[in-house]
> 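Here it is, the structure in full.
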Amino acid sequence: METDRLITEFKLNLIIQRYSASTIKNYSSAVKSFLQFAEKKFNDPNELGVIDIEMYVLWKIERYEISSSHQHMIVASIEKFYNFVFGKDLNIKHLYPAQKQKSLPNYLTQSEVKSLIGTVENLKHKCIIMLLYGCGLRLSELLNLKIKDIDHTRMMIMIRNAKGYKDHIVMLSRILLDEIRMYAKQYIPKDFLFEGQSGRMYSPKSVQTIVKNYAQKAGINKHVTPQILRHSFAVHLLENCTDIRYIQNLLGHQSIKTTEIYTHLADISQVKIKSPLDFL
C-alpha cells in the first residue's frame, strides 16, 4: 500500500535525524491520518497544494476541536514529511498557531503527595510513585531506568538519553534508596529497574494507571498523572527555597525559561538542595 510505504520512508528519515521514539510515533500517526484524508482527494499526496493542507488543518480544528499544541504537531509533521520524502519546502508557516496557549501546571500539595504514597501497599508501585515525585522524572525516563543507573555510593541516579538525547543526574533520597533495595530484593529485576513481562520494559499505560488509581484511593480530587508528580517535584523544591537553576538541571530543561513557569506557583531563594521526599 502506498501510504504504508510513505510512512515507512518518513519514519526512517526521523530515525536518521535522531528524533525520540515518542516524536516518531506522534509524527507518523499525524501524517498517516493526513494521507488517509488526502487519498479521498488525490491518489498522489504529492499533488496536494498548500490550500489543501489548509483545509485539512481547518477540518481538524472544527471537527475535533484540537488544541493549539496538537495543531502545531500536525503542521510540523506534515512540513517535515514533505521535506524528507518529497524534498519540498512547503510555505505553511502561517498554519502554526499564532500564539501558544499558556497555562500554569497542575500539581499536588505536599500533604496530598504524602497521602498518595501512604495508600500504596505494593512495593513496586510505591517505588514507581516515589521515583516520579522524589526525582521529578518524566514517564519515559522512569521506564528507561536501569539498575546500573542507581549510584548508591554517591546517592545519585543517572538519567540517560532523556529528552533531547541528553544525560543528566538527579539526587537519590535515602528514603527512596531503602525502598528500592527492598523492591530489588523482592522482585530481582535483571536489567530495567521496572520490568514487564519477559523482562521487557514496563508499559507507560501501566504506570499511568497505577498513579491514577492510587490518587483516587487517597481521595485526591484531581486528575493525577506521572507528569503531575513531576510538576509537584519542581514546585515543592521551589517552596523549600531551592535555587531555580538547580531545579532546571534536575528536570533536564535546556532553557531556564521552561523552568520559570513554576515561579508563578512558589517563592524561591538559594539553599542546599534536598529531595522533596525528605520534606514529607
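Just so it is clear, the values below take in all heavy atoms, side chains as well, and ignore hydrogens, waters and symmetry mates. Everything quoted here is computed from the prediction, not taken from an experiment.
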> Are there over 12 heavy-atom neighbours, none belonging to Lys25, within less than 6.0 Å of that residue's NZ?
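No, the 6.0 Å shell around NZ holds no more than 12 heavy atoms from other groups.
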> Is the number of heavy atoms from other residues, nucleotides or ligands under 6.0 Å of Lys124 NZ greater than 12?
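Counting other residues, nucleotides and ligands, NZ of Lys124 exceeds 12 neighbours.
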> Could you report the tightest heavy-atom contact between Ala30 and Ser77, atom names first, then the distance?
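Distance-wise, the nearest heavy atoms are CB-OG, 3.4 Å.
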> Using the side-chain contact (heavy atoms from CB on, under 4.5 Å) rule, take Phe34 and Ile74 through it: C-alpha gap first, then chi angles, then the decisive distance, then the call.
CA-CA 9 Å; Phe34 168 70; Ile74 290 173; over 6 Å; no
> Quick one: are Ile92 and Leu95 in side-chain contact, heavy atoms under 4.5 Å?
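The answer is yes, as the side chains (C-beta and beyond) meet within the 4.5 Å cut-off.
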> Do the side chain of Ser28 and the main chain of Ile24 share a donor and acceptor less than 3.5 angstrom apart?
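It does hold such a pair.
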> Taking it one step at a time, do Lys93 and Glu79 satisfy salt bridge (charged side-chain N to carboxylate O under 4.0 Å, His left out)?
CA-CA 9 Å; Lys93 299 295 183 185; Glu79 184 177 26; 3.0 Å; yes
> More than 12 non-hydrogen atoms from neighbouring residues, nucleotides or ligands closer than 6.0 Å to NZ on Lys222, yes or no?
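Counting other residues, nucleotides and ligands, NZ of Lys222 exceeds 12 neighbours.
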> Quick check: Phe194 with Tyr183 (ring centres under 6.0 Å apart)?
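That pair passes the under 6.0 Å test.
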> Is there a donor-acceptor contact under 3.5 Å from the side chain of Ser115 to the main chain of Ser111?
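No; judged by distance alone, with no hydrogens or angles, the pair does not exist.
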> Decide side-chain contact (heavy atoms from CB on, under 4.5 Å) for Leu14 and Thr23; before the verdict, give the C-alpha distance in whole Å, the side-chain angles of both, and the deciding distance to 0.1 Å.
CA-CA 9 Å; Leu14 292 172; Thr23 299; 5.8 Å; no
> In this structure, which one of Asn213, Thr225, Leu139 forms a side chain to side chain contact (heavy atoms under 4.5 Å, CB included) with Gln208?
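Checked Asn213, Thr225, Leu139 against Gln208; only one passes side chain to side chain contact (heavy atoms under 4.5 Å, CB included): Leu139.
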> Counting only heavy atoms not in Lys88 (residues, nucleotides, ligands), do more than 12 fall under 6.0 Å from its NZ?
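Yes, enclosed.
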> Within a strict 4.5 Å, meaning less than it, do heavy atoms of the Ile159 and Asp167 side chains meet?
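Contact flag for Ile159/Asp167 side chains = no.
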> Identify the heavy atoms of Glu112 and Leu108 that sit nearest to each other, and give their distance.
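In terms of heavy atoms, the two residues are closest at OE1-CA, 3.3 Å.
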> Between Asp149 (side chain) and Lys146 (backbone), is there a donor-acceptor pair under 3.5 Å?
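Answer holds: yes.
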> Tell me, do Leu131 and Ile157 make a side-chain contact under 4.5 Å, heavy atoms counted?
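Yes. Closest side-chain heavy atoms under 4.5 Å.
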> What verdict does the side-chain contact (heavy atoms from CB on, under 4.5 Å) test give for Asp151 and Leu172, after you've listed the backbone C-alpha separation in whole Å, the side-chain angles of each residue and the deciding distance to 0.1 Å?
CA-CA 8 Å; Asp151 188 341; Leu172 174 60; over 6 Å; no
> Checking side-chain polar atoms at under 3.5 Å, does Thr258 have a donor or acceptor matched by the opposite partner on Ser255?
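Checked: Thr258/Ser255 side chains show no N/O donor-acceptor pair below 3.5 Å.
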> How far does CD1 of Ile256 sit from CD1 of Ile247, to the nearest 0.5 angstrom?
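The CD1 atom of Ile247 is 8.5 Å from CD1 of Ile256, to the nearest 0.5 Å.
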> Using the ring centroid of each side chain, check whether Tyr262 and His231 are separated by less than 6.0 Å.
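So the answer is yes for these two rings.
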> What do you reckon, is CD of Gln36 surrounded by more than 12 foreign heavy atoms closer than 6.0 Å?
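For Gln36, atom CD is crowded (more than 12 foreign heavy atoms under 6.0 Å).
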> Same cluster for Ile61 and Ile53 if Ile/Leu/Val/Met/Phe/Trp/Tyr side chains link at under 4.5 Å?
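Both belong to a single hydrophobic cluster.
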> In terms of ring plane angle, is the pair Tyr96 and His72 parallel, tilted or perpendicular, where the classes change at 30° and 60°?
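If you compare the ring of Tyr96 with that of His72, the planes turn out tilted.
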> Does the side chain of Leu250 reach to within under 4.5 Å of the side chain of Leu237, using non-hydrogen atoms?
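In contact.
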> Is the closest side-chain heavy-atom distance between His168 and Met158 below 4.5 Å?
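The answer is no, as the side chains (C-beta and beyond) never meet within the 4.5 Å cut-off.
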> So if you build clusters from Ile, Leu, Val, Met, Phe, Trp, Tyr with side-chain heavy-atom gaps below 4.5 Å, do Leu58 and Ile78 land together?
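Different clusters.
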> If you round to the nearest 0.5 Å, how far is CG of Asp191 from CD of Glu195?
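Going from the CD atom of Glu195 to the CG atom of Asp191 covers 6.5 Å.
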> What is the distance from atom CD1 of Ile16 to atom NZ of Lys11, rounded to the nearest 0.5 Å?
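Between atom CD1 of Ile16 and atom NZ of Lys11 there are 14.5 Å.
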> Cluster question for you: counting only ILVMFWY and a side-chain heavy-atom cut-off of under 4.5 Å, with indirect links fine, are Val50 and Val85 together?
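Linked, Val50 and Val85 end up in one cluster.
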> When rounded to the nearest 0.5 angstrom, what is the spacing between CD1 in Ile180 and CG in Leu145?
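Nearest 0.5 Å value for the CD1-CG distance: 8.0 Å.
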> Considering non-hydrogen atoms only, spot the tightest contact between Lys32 and Thr3 and give its length.
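Between these two residues, the closest heavy atoms are CG-CG2, 4.5 Å.
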> So, is the end of the Lys60 side chain (NZ or CZ) under 6.0 Å from the ring centre of Tyr64 and within 45° of the ring's axis?
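Ring-cation test returns yes.
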> Spell out, as yes or no, whether a donor-acceptor pair under 3.5 Å connects the side chain of Thr119 to the backbone of Ala218.
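No, because the side chain of Thr119 does not come within donor-acceptor range (under 3.5 Å) of the backbone of Ala218.
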> Would you confirm whether Asp52, through its side chain, and Leu48, through its main-chain N or O, come within 3.5 Å as a donor-acceptor pair?
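Side chain of Asp52 to backbone of Leu48: no pair is present.
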> Can you check side-chain contact (heavy atoms from CB on, under 4.5 Å) on Leu277 and Met130, steps first, answer last?
CA-CA 8 Å; Leu277 276 171; Met130 291 179 76; 4.0 Å; yes
> Taking the side chain as C-beta and beyond, is there a heavy-atom pair between Glu141 and Arg230 under 4.5 Å?
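Yes, at least one pair of side-chain atoms sits under 4.5 Å.
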> Inspect the surroundings of CG in Asp178 and state if more than 12 heavy atoms from other residues, nucleotides or ligands are less than 6.0 Å away.
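Yes, CG of Asp178 has more than 12 neighbouring heavy atoms, counting only those of other groups under 6.0 Å.
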> Around atom CE of Met155, are there more than 12 heavy atoms from other residues, nucleotides or ligands closer than 6.0 Å?
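It does: Met155 CE has more than 12 such atoms within range.
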> Taking the side chain as everything from C-beta on, heavy atoms only, tell me whether Phe81 gets closer than 4.5 Å to Tyr27.
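Counting from C-beta outward, Phe81 and Tyr27 never come under 4.5 Å.
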> Going only through I, L, V, M, F, W and Y residues with side-chain contacts under 4.5 Å, is there a path from Ile220 to Val211?
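Same cluster: Ile220 reaches Val211 through Ile, Leu, Val, Met, Phe, Trp or Tyr contacts under 4.5 Å.
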> Would you indicate whether the side-chain heavy atoms of Arg200 and Phe192 approach each other to under 4.5 Å?
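A side-chain contact is absent here, since even the closest heavy-atom pair is not under 4.5 Å.
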> Would you say His236 and Tyr107 are linked by a side-chain donor-acceptor pair, where the criterion is simply a distance under 3.5 Å?
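Side chains of Tyr107 and His236: no pair found under 3.5 Å.
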> When rounded to the nearest 0.5 angstrom, what is the spacing between CG in Leu238 and CZ in Phe233?
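It comes to 10.0 Å.
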> Is the gap between the ring centers of Tyr56 and Phe37 under 6.0 Å?
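Judged by ring-centre distance (under 6.0 Å), Tyr56 and Phe37 do meet the cut-off.
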> Determine yes or no for a side-chain-to-main-chain donor-acceptor pair under 3.5 angstrom, with Asn144 supplying the side chain and Ser140 the backbone.
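Between the backbone of Ser140 and the side chain of Asn144 there is a qualifying donor-acceptor contact (under 3.5 Å).
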> Honestly curious: do Phe84 and Tyr82 fall in one hydrophobic cluster under the side-chain, below-4.5 Å linking rule?
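Phe84 clusters together with Tyr82.
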> What's the separation between atom CZ in Arg245 and atom CG in Asp243, rounded to the nearest 0.5 Å?
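It is 7.5 Å, given to the nearest 0.5 Å.
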